Amino acid sequence: MQATRLTLMCHARTVAQKLACFPTNEPIEMDWQSARGSRRAQFKGTPRLVCGPELRTRQTAELFGSAVEIVEALRDCDFGRWQGVRIDDLQKNAAEALQTWLDDPNSAPHGGESVAQLAGRVAAWLKTLEATPGHIVAITHPFVIRAALTQVLQSAAFNLIDVEPLSAIELRFNGRWRLRLLGTEPEGAY
């Protein structure tokens, strides 16, 4: 049986990330139109390219190819009333609510989705991939990548993971999910 290879990649940088704001449906910061397809050769063969429905993930996916499938399970966390709000402003005006949200994965003081709900959605999506051999490249959001990692590693370290724009992590499924850290040597070098 061929393994499932899942590359989770964070979308390119947005202005909201630079300003430390909770995201809206903003575009990426770079000129993605002139860079369309420029990263296509990053992966061997032709992986299945999927992304979340937001503008920033769709634009980033265009860097890797044009045959992109939108996957609802890869959508960003619903931050409710906090969409577009600067984290500094929440620390000043709603510090208790922010701390509750950081401490309790079941809380959603913003009226949106809790971290636990997000984790459940991502875990269900990972389950569907277990019978999907081949390479899948998923362009998504920091929160989705954090949820996938905590699921695979069976950890509660959600708030201890930083995900930078255009960073990637690889997971493999061959009977069980495993985190795979890639080396910098070209394949077949040894």
Side-chain angles (χ1 to χ4, degrees), residues 6-40 42-43 47-95 97-102 105 107-122 124-126 136-151 158-169:
L6 173 62
T7 303
L8 291 167
M9 181 167 293
C10 184
H11 60 75
R13 185 173 310 281
T14 67
V15 172
Q17 286 175 310
K18 277 176 70 173
L19 297 175
C21 293
F22 282 94
T24 60
N25 194 23
E26 73 274 3
I28 61 176
E29 194 175 45
M30 69 187 293
D31 177 12
W32 64 275
Q33 292 97 338
S34 63
R36 262 190 186 122
S38 64
R39 294 179 178 237
R40 182 168 296 160
Q42 184 168 338
F43 302 106
R48 179 176 155 209
L49 185 59
V50 299
C51 72
E54 294 85 1
L55 183 59
R56 59 193 177 274
T57 55
R58 289 182 284 125
Q59 289 174 340
T60 302
E62 290 277 334
L63 302 175
F64 297 91
S66 57
V68 181
E69 177 187 344
I70 306 297
V71 175
E72 186 63 25
L74 294 174
R75 76 182 184 282
D76 204 354
C77 187
D78 177 359
F79 296 108
R81 295 183 298 278
W82 292 357
Q83 283 187 27
V85 175
R86 291 181 63 123
I87 294 169
D88 286 348
D89 292 340
L90 281 176
Q91 289 171 328
K92 291 175 191 164
N93 304 322
L98 180 60
Q99 195 59 53
T100 298
W101 179 70
L102 290 170
S107 72
H110 45 58
E113 186 176 30
S114 72
V115 170
Q117 289 170 317
L118 168 70
R121 169 168 47 97
V122 172
W125 177 69
L126 285 172
I136 302 157
V137 175
I139 311 297
T140 189
H141 309 276
F143 267 58
V144 173
I145 294 169
R146 289 161 69 180
L149 285 173
T150 56
Q151 174 68 26
F158 185 87
N159 287 322
L160 301 176
I161 302 169
D162 290 330
V163 180
E164 293 292 318
L166 292 174
S167 62
I169 192 81

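Hydrogens, waters and symmetry mates are skipped; everything else that's a heavy atom, side chains included, is used. Note that the structure is predicted; figures quoted are calculated from it, not measured.
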Applying ring-ring contact (aromatic ring centres under 6.0 Å, His included), can you list everything that pairs with Phe79, at least two apart in sequence or on another chain?
Phe22, Phe143

Taking side-chain hydrogen bond (donor to acceptor under 3.5 Å, both in side chains) as the test, write out the residues that go with [X], two or more places apart.
| X | result |
| --- | --- |
| Arg13 | none |
| Glu113 | Arg121 |
| Lys18 | Glu29 |
| Thr14 | Glu26 |

For a quick test of reading the model, state the closest non-hydrogen atom pair linking [X] to [Y] and the distance between them.
| X | Y | value |
| --- | --- | --- |
| Gly112 | Gln117 | O-OE1, 4.1 Å |
| Gln17 | Pro165 | OE1-CG, 3.8 Å |
| Ala147 | Ala119 | CB-CA, 4.1 Å |
| Asn25 | Leu55 | OD1-N, 2.8 Å |
| Pro27 | Arg56 | C-CB, 4.5 Å |

Short question: side chain of Arg75, backbone of Val144 - any donor-acceptor pair under 3.5 Å?
no

Just do the side chain to side chain donor-acceptor pair (under 3.5 Å) check on His141 and Glu54 with the steps written out, would you?
CA-CA 10 Å; His141 309 276; Glu54 294 85 1; 2.7 Å; yes

Step-by-step side-chain contact (heavy atoms from CB on, under 4.5 Å) determination, Thr57 to Leu74:
CA-CA 9 Å; Thr57 55; Leu74 294 174; over 6 Å; no

For residues 81-91, run the donor-acceptor check on the side chains, cut-off 3.5 Å, and write out each pair with its distance to 0.1 Å, sequence neighbours left out.
residue: Arg81; atom: NH1; partner: His110; partner atom: O; Å: 3.4
residue: Arg81; atom: NH2; partner: Pro109; partner atom: O; Å: 2.3

Glu164 and Cys10, any side-chain heavy atoms less than 4.5 Å apart
no

Check step by step if side-chain contact (heavy atoms from CB on, under 4.5 Å) holds for Leu6 and Leu126.
CA-CA 9 Å; Leu6 173 62; Leu126 285 172; 3.6 Å; yes

Can you name the side-chain contact (heavy atoms from CB on, under 4.5 Å) partners of Val68, sequence neighbours left out?
Leu49, Cys51, Ala61

Hey, what do you get for OG1 (Thr150) to CG (Leu118), rounding to the nearest 0.5 Å?
8.5 Å

